[in-house]
Colleague: 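Dropping the structure in here first, questions after.
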Amino acid sequence: MCGIVGYIGHREAYPIVLKGLQRLEYRGYDSAGIALYDGKDLNLCKTKGKVADLKTLLEKEISTSGKLGIGHTRWATHGVPNDVNSHPHYSNSGDLVIIHNGIIENYDSLKKELIKRGYTFQSDTDTEVLVNLIEDVMTNENIKLGKAVQLALNQVIGAYAIAVFDKNKPNEIVVAKLGSPLAIGIGEGEFFIASDASPFIEFTDNAIYLEDHEMAIVRLDKDIKIRKIEDDSLVNPYIQKLQLNLEQIEKGGYPHFMLKEIYEQPLAIKDTYRGRLLADEGIIKMAGIEDNMKRFLNADRIIIVACGTSWHAGLVAEYIFEDLARIPVEVEYASEFRYRNPVITEKDIVISISQSGETADTLAAIKLAKSKGAFVFGVCNVVGSSIARETDAGAYTHAGPEIGVASTKAFTTQITVLTLIALRLARAKGTMSSSDYRRHLHELELIPEKVTEALKADKHIQAISELYKDSRNMLYLGRGYNFPVALEGALKLKEISYIHAEGYPAAEMKHGPIALIDENMPVIIIATKKGHYDKVVSNIQEIKARKGKIIGIVTEGDVNVRELADHVIEVPETLENLSPLLTTIPLQLLSYHIAVLLGKNVDQPRNLAKSVTVE
């Protein structure tokens with residue numbers, strides 16, 4: 001949720017921390033703050049609002065000198081977004097300064113105990129409780145900061161990624177992780193701390209990703225020491241080479257990250273199947289599948305767990321797996337899965353899907369599935385993320401960094417990976433003929449080119465957006481493979497424009513939503529030639545009879561829907577089970593343009609965070 005940045009080294013910390021916060025603002029953006037220490041004076045500035053607001057205030061009010069600094073972008077959990085609740089937070093003595101991502105679930109009982117001991121609190125946050133708990137342990141036990149952090153965290157229930165320093169020891173920062181991501185960048189005589197690698201990518205490509213229940217003491221002129229929080233045992237640090245470059249995390253001339261990422265989809269899809277799909281040879285190569293083929297072929301069922309857009313990708317996969325590979329599939333909200341005592345056996349395969357690889361609900365679902373003996377396969381985008389480490393096997397999507405909060409290329413690349421898996425299993429099980437299998441491979445190889453073609457409707461979609469930007473409600477309809485696309489289209493509109501929208505199976509419209517349709521209700525209906533086309537045309541006629549405004553997503557050259565609809569947006573023809581990769585494109589663009597026309601913050605919609613690392 002929140003974004004953490006820290007620096008200690010030979011450079012001035014302020015520009016590094018500020019730039020890092022700007023890159024992490026997608027993670028949390030209702031308030032921001034920075035603490036800087038020059039060895040003599042500790043300067044702290046924080047405010048409600050964006051990082052730009054912080055920069056303006058900070059450069060007016062405090063000194064920006066110092067070679068140790070920590071910064072934070074907040075997505076509020078405990079306490080409303082305001083200046084006082086913003087991070088960093090001081091301990092009562094003023095010696096300790098902390099930034100924190102996550103939730104301390106037992107903060108209230110800890111706070112009451114600390115109040116009895118004479119501590120006072122300025123904010124409503126669980127974070128201020130944590131920093132004072134650390135100070136209390138440090139004082140009472142007469143121990144150093146690192147040991148105090150370890151002992152304090154053993155009293156804590158919840159999730160956290162923290163960075164804390166003591167102004168009396170300006171050569172070290174202590175960091176710890178449970179449930180929320182934390183990376184340490186290793187430079188020449190300097191260290192960087194961040195929620196992901198983007199804040200320090202231009203300075204170093206060496207990073208350590210802390211595992212859950214680990215803490216590290218980052219000291220100048222010394223090697224990093226990593227210990228287990230629970231038993232104090234030493235951990236051998238694993239230094240990774242980052243697969244990220246600066247160009248990937250900049251806008252590249254686009255007005256918004258979301259638009260850039262929509263237009264990156266042809267390359268992202270190609271990168272996702274590159275090296276895995278050899279269409280001319282009739283081969284799909286995925287190590288995570290090949291190494292565990294027996295488990296997949298003997299599985300009683302596949303359970304897909306995910307949240308949000310990833311859940312919609314899972315719904316598409318349900319159709320694909322059952323249709324092509326004839327394996328029963330259930331798709332579950334990860335946020336509900338762990339709380340309903342699900343029936344899971346060793347014969348089940350659980351596929352977890354997450355863009356960030358850090359989604360707290362999905363991680364909890366993974367742990368539950370593993371405790372029941374299920375084989376867990378992860379699909380995520382971020383190398384080295386928690387889901388990549390927690391699962392038994394998996395596949396990366398290779399979408400590249402997705403900064404816009406509303407997922408776009410994550411959705412299409414997740415579908416691409418899941419389609420590859422389904423096709424490989426179908427071939428292994430013999431549920432597809434050789435000719436049908438090869439036809440699917442060749443058609444999948446053509447999808448990037450067809451997405452590029454679909455993007456050419458951008459100006460036309462912008463014109464349609466002008467007509468419907470003031471609508472209060474919209475209905476999205478689809479059937480079969482394109483029902484989940486309707487759900488995803490409605491979600492995109494809700495997320496970034498704040499217009500109420502619902503996705504529905506087209507055939508279900510007459511069982512309720514048809515009551516909403518009148519001359520003021522725009523209805524977006526996916527009506528491609530493959531897949532129940534005649535039935536969808538009948539649904540369109542039902543809408544037209546009630547004077548609804550119809551926007552049809554149709555196959556190139558369509559005649560029937562064009563005669564009925566108020567507007568049509570064409571996509572290239574493809575196989576039915578690959579159509580979601582194309583039909584989602586105009587829905588992404590429609591949401592984007594409506595939000596821009598309404599003056600909304602497209603990349604950072606209100607109340608949302610990119611990586612939901614708390615339950």
Side-chain angles (χ1 to χ4, degrees), residues 262 265 269 272 302-325 327-337 351-355 359 362 379 397 399 406-423 444 447 451 454 474-495 501-509 513 523-528 530-533 535-536 539 551-554 569 571 574-591:
I262 289 171
Q265 285 175 112
I269 292 169
T272 295
I302 291 173
I303 303 170
I304 296 175
V305 292
C307 300
T309 288
S310 297
W311 185 74
H312 295 154
L315 290 176
V316 174
E318 179 180 22
Y319 285 91
I320 296 171
F321 276 105
E322 293 195 342
D323 186 14
L324 302 185
I327 301 172
V329 177
E330 296 175 13
V331 185
E332 302 272 2
Y333 282 115
S335 53
E336 288 292 322
F337 184 67
I351 298 179
S352 61
I353 312 172
S354 165
Q355 188 283 137
T359 310
T362 307
V379 174
T397 56
S407 279
T408 51
K409 63 179 180 175
F411 181 64
T412 48
T413 54
Q414 286 167 353
I415 292 173
T416 301
V417 162
L418 294 162
T419 300
L420 288 170
I421 295 170
L423 285 166
L444 182 56
I447 287 294
V451 171
M474 290 195 190
L475 186 62
Y476 287 69
L477 301 175
R479 294 187 78 134
Y481 283 92
N482 283 301
F483 162 50
V485 177
L487 294 176
E488 174 63 11
L491 176 62
K492 287 283 113 22
L493 189 70
K494 282 182 275 197
E495 284 181 315
E502 290 217 39
Y504 237 81
E508 282 290 302
M509 180 184 62
V523 182
I524 297 91
I525 186 159
I526 303 165
T528 51
K530 303 282 174 62
H532 315 292
Y533 178 73
K535 298 287 187 182
V536 174
N539 296 138
I551 302 168
I553 311 300
V554 302
I569 303 167
V571 296
T574 190
L575 298 172
E576 182 186 359
N577 42 40
L578 299 181
S579 63
L581 293 166
L582 302 180
T583 54
T584 194
I585 303 300
L587 303 188
Q588 293 171 353
L589 288 168
L590 185 70
S591 299

Colleague: Which pairs would a plain distance check flag for residues 312-319, meaning a side-chain donor or acceptor within less than 3.5 Å of a matching protein atom at least two apart in sequence or in another chain?
Modeller:
from : atom 1 : to   : atom 2 : distance (Å)
H312 : ND1    : E488 : OE1    : 2.7
Y319 : OH     : G480 : O      : 3.4

Colleague: Taking the side chain from E322 and the backbone from V329, do they hold a donor-acceptor pair closer than 3.5 Å?
Modeller: yes
Colleague: Taking the side chain as everything from C-beta on, heavy atoms only, tell me whether I551 gets closer than 4.5 Å to M474.
Modeller: no
Colleague: Specify the closest pair of heavy atoms between A527 and V536, including all atoms of both residues, with the distance to one decimal.
Modeller: CB-CG1, 3.5 Å
Colleague: Got P580 and N482 here, is their nearest side-chain heavy-atom distance under 4.5 Å?
Modeller: yes
Colleague: State, with a plain yes or no, whether a side-chain heavy atom of L587 is found less than 4.5 Å away from one of I526.
Modeller: yes
Colleague: Between CD of E502 and CG of L493, what distance do you get to the nearest 0.5 Å?
Modeller: 12.0 Å
Colleague: Do the side chains of I353 and T362 get nearer than 4.5 Å, heavy atoms only?
Modeller: no
Colleague: Any heavy-atom pair between the side chains of L324 and L423 that's under 4.5 Å?
Modeller: yes
Colleague: Any side-chain heavy atom of T583 within less than 4.5 Å of one from Y481?
Modeller: no
Colleague: Run the side chain to side chain contact (heavy atoms under 4.5 Å, CB included) test against T574 and tell me which residues pass, sequence neighbours left out.
Modeller: E443, I447, K450, L578, S579, L582
Colleague: Between T412 and Q265, does a side chain to side chain donor-acceptor pair (under 3.5 Å) hold up when you go through it step by step?
Modeller: CA-CA 7 Å; T412 48; Q265 285 175 112; 2.9 Å; yes
Colleague: Do I320 and I421 have side chains that get closer than 4.5 Å, going by heavy atoms?
Modeller: no
Colleague: Minimum heavy-atom separation for A334 to C307, with atom names?
Modeller: CB-SG, 3.7 Å
Colleague: Would you give the length of the straight line joining atom OG of S591 to atom OH of Y476, rounded to the nearest 0.5 angstrom?
Modeller: 4.5 Å
Colleague: Would you name the heavy atoms of A422 and A325 that are closest together and state the gap between them?
Modeller: O-CB, 3.9 Å
Colleague: Check whether any side-chain heavy atom of F411 lies under 4.5 Å from a side-chain heavy atom of L491, and answer yes or no.
Modeller: no
Colleague: So, taking the atom named CD1 in I585 and the one named CD1 in I262, what distance separates them when rounded to the nearest 0.5 Å?
Modeller: 7.5 Å
Colleague: Knowing that exactly one of T408, T309, T584 qualifies, which makes a side-chain hydrogen bond (donor to acceptor under 3.5 Å, both in side chains) with K492?
Modeller: T309
Colleague: Measuring from atom CD of Q355 to atom NZ of K409, what distance do you get when rounded to the nearest 0.5 angstrom?
Modeller: 8.5 Å
Colleague: Considering the options V417, T413, I304, which one meets the side chain to side chain contact (heavy atoms under 4.5 Å, CB included) requirement together with V379?
Modeller: V417
Colleague: Enter the distance from L420:CG to L444:CG here, rounded to the nearest 0.5 Å.
Modeller: 5.5 Å
Colleague: Which value, rounded to the nearest 0.5 Å, describes the distance between I351 atom CD1 and Q414 atom CD?
Modeller: 12.0 Å
Colleague: Answer yes or no: are there more than 12 heavy-atom neighbours, outside E508 itself, under 6.0 Å from its atom CD?
Modeller: yes
